[in-house]
Amino acid sequence: AAAEAAAAAAGQQAAQEPLVAEAEGLRLHLSSSSSTGYKGVCHEHQRGRYRAFRTEGSRTIYIGVFHTVVEAAVAYARAVGQAELRTRLRASSRAAGARAAGARDEEGE
């Protein structure tokens, strides 16, 4: 019962904390549909911690468990940013490969 009371108190504290739009130089992903106020962050009531996760297609990718909602939101923002960067780098690499292949084709003519 004491653990449940502590978890409930932590949930109430999170609900009272103002949402932060930026932290650690990152833009946090606010969400009006999330009970925490942040996309990719949920509150683990029994543990009194916050879980961060992201989705990629139909897969859910676990990021970690954090003591504060802002720590979880920062981890989500960092993970999403890294995933977007990898996607852009892959696309850029494919485009460079296609340009190189096109240049080789033109030299052979």
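Keep in mind it's a predicted model, so treat the numbers as computed, not measured.
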Undergrad: Give me the atom names and distance for the closest heavy-atom approach of Ser34 to Ser31.
TA: N-OG, 3.3 Å
Undergrad: Who else is in Val65's hydrophobic cluster (ILVMFWY, side-chain heavy atoms under 4.5 Å, direct or via others)?
TA: Tyr62
Undergrad: Shortest non-hydrogen contact from Ile63 to Arg54?
TA: CD1-N, 4.0 Å
Undergrad: Testing the basics here: between Ala77 and Arg27, what is the closest heavy-atom pair and its distance to 0.1 Å?
TA: CB-O, 3.6 Å
Undergrad: Not counting sequence neighbours, list each pair that qualifies as a salt bridge (charged side-chain N to carboxylate O under 4.0 Å, His left out) and has a residue in residues 32-43.
TA: none
Undergrad: List the atom of Ala52, the atom of Ala72, and the distance in Å for their closest heavy-atom pair.
TA: CB-O, 3.6 Å
Undergrad: Find out whether Val20 and Tyr38 are in side-chain contact, i.e. whether some heavy atom of one side chain is under 4.5 Å from a heavy atom of the other.
TA: yes
Undergrad: Indicate if Val69 and Leu26 have the same hydrophobic cluster label, given that clusters are the connected sets of ILVMFWY residues with side-chain heavy-atom separations under 4.5 angstrom.
TA: yes
Undergrad: If you look at every heavy atom in Val41 and Thr36, which pair is closest and at what distance?
TA: O-OG1, 3.0 Å
Undergrad: Given the rule that I, L, V, M, F, W and Y join up when any side-chain heavy atoms are under 4.5 Å apart, are Val70 and Leu19 in one cluster?
TA: yes
Undergrad: Mind checking the OH-CZ spacing from Tyr76 to Arg51? Nearest 0.5 Å is all I need.
TA: 13.5 Å
Undergrad: Any idea how His43 and Tyr50 line up, ring-wise: parallel (<30°), tilted (30 to 60°), or perpendicular (>60°)?
TA: tilted
